[in-house]
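The next block holds one structure in the form of structure tokens; read it before the comments.
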Amino acid sequence: MPRWHPAGAKDFPPVPRHGAPLMAESDPQISAETAGATDEVVEAELEHSEEERASIRAQRLGKVAALREQGVNPYPYRFDRDRTISELREEYGSLEAGEEVEVSVRLAGRLMLKRDQGRLTFGQLRDRSGEVQLFVSAGVIGKEELAAFNDLDRGDWIGVRGTVMVTKKGELSVKVASFELLSKALRPLPDKWKGLADVDARYRQRYVDLTVNSDARRVFEIRFAAVDSIRRELASRGFLEVETPLLHLQQGGATARPFITHYNALSMDTYLRIALELPLKRLLVGGLERVFEIGRVFRNEGIDTRHNPEFTMLEAYEAFADYSEMMDLTELLVSQAALAATGSMVVTVRDVQIDLAPSWRRVSMVDLISETLGVEIHPSMPIEQARKILDGLGLTYKPTWGSGRCTHEVYDELVEHTVIAPTIVFDHPRETSPLAKPHRHDHSLVERFEVIVDGRELANAYSELNDPVEQLARFRDEADLKAAGDPEAGDVDLDYIRALEFAMPPAGGLGIGIDRLIMLLAGVESIREVILFPTLRPEAGLSDADFPSA
RNA sequence: GCCUCUGUGGCCAAGUGGUAAGGCAGCGGACUUUUAAUCCGACGAGCGUGGGUUCGACCCCCACCGGAGGCACCA
């Protein structure tokens, strides 16, 4: 238990004061002016204005050089911190205004704010856990050390040692007994009140965004907590987390245009993966039974508020299960992630409250179309009839489309975006779902569902196709499309077929777009807000000229 | 790829044909309980880049570069 006692008591002996005037030593122009010689004054004024005109970066480089001259390393190697700021707050948060504790603490962090009061300076120190005020008094550390503290800049990393106190106004503070510079910032932090507003700069210099914008930190805290929750939930159910190759020899697992790269040692092109599916299902063949991967996939497509060329997918596969177990699993993973990340299963997107708690509505695609539009369309109906329905709805279609594709089109264009509350839309047309297992009762359908929240697809799941003969036939259809010029069509993955021929157990599979889940949980509208370093075009104008050495 | 909007000192931000407000930070000074501290003082940009129109352009036009949103495309 910490012992507290009234303010005023000191943990550290007062630092002896040094008689030297504060600025005289470090400010040559002042001594020059007081010297009175005309030439010297003119020279000093010149020097003075030059100093003022120097860029902030040049001034800081000057400070770095000055420190080195004094034998101080502006970039030392380590600091012994004994607690984080949030730990400090937990321990001493109940102190009353004016109280002080005779315990020395050692904190490290970034100096975010400085308030110079003359013989007293307040600082604001931030570490990863929070912020705390620094109370830096000449009476404690002496004039010289106070001057040195005042010479620090916003953005510098520092370590401090001191006692814990609460000011008259009730602010928990560390009364600094000593401090050291841990890393000197050469560039100034953005406006202390407005922060960094320019979105371009926020994405390119995410380090600055994270430093000054608490909203940015909040989004990524949500992201880390949500992903952590998903991992724990899956692990607790016996799912094994695995890592599979990013470099693929064949294009497959989804329909998307891939990035192609070249592997010199083998003198061949390889694809960056567009999905996790096929390697994971090979592991089901291998008997791992429950596997998942959370990983980056790459699609060579455009960038917009919902698409980044590299993004994060969760895929999970469970042997002996079908898509109905995947429905339960999806509800569980998403609702628990929301709870872990935000403290609530209710999220707010554009002022709309959405409850992610189980159980979600479950409705078949054709029923949902019927309910929303009053239109009865079904993948099994004659194509002429389906076309009439699309005509009636003002939708266009291609001559190659069957009734399944037409049904899906109605759903995509007119229904999906109207679904706000989390909804499991199941039994998709077989025609538009080449990787799912045919429906056990209706072969115009497949056992597939998507989860729609706020009008957007959040998850996609199947009863996985494990019939090698049918899989090969579907691969060949795709290969024909690719040969005909469709860049999104996949290759025939003969090794995958061979794997299926060793028999893959019946299984349910689930994919969740992690970035979109985080958007939902954080209530943000752009995928770039949930990706630390979103893909951007090369920055214009940044050059060596921006980095003069002195 | 197309359309609309947008780019002003380190950051925020006004100005939209007549020769660049203001704030923050930085610099000098005052101040031992501030919390976007306050007060005083001095300083800093020719307005994304390149052309063009004009007596004159940050403001108008064109192209290019970066960014945002939308469309197309895409799960």
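Proteins get letters first, then strands, A, B, ... in listed order; numbering begins at 1 in each. All values reported here derive from a predicted model rather than from experimental measurement.
Looking at Y203(A) and E529(A), their side chains do bring a donor and an acceptor atom within 3.5 Å of each other. A donor and an acceptor atom, one from each side chain of E409(A) and Y411(A), are nowhere located under 3.5 Å apart. At a cut-off of 3.5 Å, with distance as the only test, a side-chain donor of Q251(A) or K482(A) sits close to an acceptor on the other residue. Remark: the N300(A) side chain and the Y271(A) side chain contain no N/O donor-acceptor pair separated by less than 3.5 Å.
Looking at heavy-atom distances under 4.0 Å, E450(A) makes contact with a base. Among the heavy atoms of the strands lying under 4.0 Å from S526(A) are primed sugar atoms or P, OP1, OP2 only; no base atom is included. Backbone-only engagement by Y203(A) is indicated by non-hydrogen atom pairs under 4.0 Å involving sugar-phosphate atoms exclusively. Contact annotation for G513(A): no contact, since no heavy-atom pair falls under 4.0 Å across all strands. Note on E301(A): only backbone sugar-phosphate atoms sit closer than 4.0 angstrom, heavy atoms only; bases stay farther off. Residue contacts shown for A254(A) are absent, as no nucleic acid heavy atom lies under 4.0 Å away. Among the protein residues, D198(A) comes within range of the sugar-phosphate backbone only, with heavy atoms under 4.0 Å from sugar or phosphate atoms but none that close to a base.
For G70(B), the OP1/OP2 oxygens have a side-chain nitrogen or oxygen of T305(A) closer than 4.0 Å. An OP1 or OP2 oxygen of U33(B) is reached within less than 4.0 angstrom by no side-chain nitrogen or oxygen of R119(A). Between R299(A) and C74(B) there is no side-chain polar atom (N or O) within less than 4.0 angstrom of OP1 or OP2. Using a 4.0 Å cut-off, no side-chain N or O of K114(A) falls inside it from OP1 or OP2 of A36(B). Here R202(A) does not reach the OP1 or OP2 of G66(B): none of its side-chain N or O atoms lies under 4.0 Å away.
Pair assignment for A45(B) gives none, since no Watson-Crick or G-U wobble pairing has each distance under 3.5 Å. Nucleotide C31(B): unpaired (no Watson-Crick or G-U wobble partner with both distances less than 3.5 Å). The partner of G1(B), taking Watson-Crick or G-U wobble pairs whose two distances both stay under 3.5 Å, is C71(B). Nucleotide G7(B): paired with C65(B) (Watson-Crick or G-U wobble, both distances less than 3.5 Å).
Applying a 4.0 Å cut-off to non-hydrogen atoms, the residues of residues 184-194 of chain A that approach RNA chain B are P188(A), P190(A), D191(A), K192(A), W193(A), K194(A), listed by residue number.
Distance, R456(A) CZ to C74(B) P: 19 Å, rounded to whole Å.
Using a 4.0 Å cut-off between a side-chain N of Lys or Arg and a carboxylate O of Asp or Glu, R204(A) and D200(A) qualify as a salt bridge.
A cation-pi arrangement is present between R187(A) and F547(A), with the terminal nitrogen or guanidinium carbon under 6.0 Å from the aromatic centre and inside a 45° cone about the axis.
In this structure, the nucleotide among U35(B), G69(B), A25(B) sitting nearest to the side chain of R528(A) is G69(B). Checked against A25(B), A72(B), U33(B), the side chain of K168(A) finds its nearest nucleotide in U33(B).
Atom CG of N213(A) and atom CZ of R206(A) lie 9.5 Å apart (nearest 0.5 Å).
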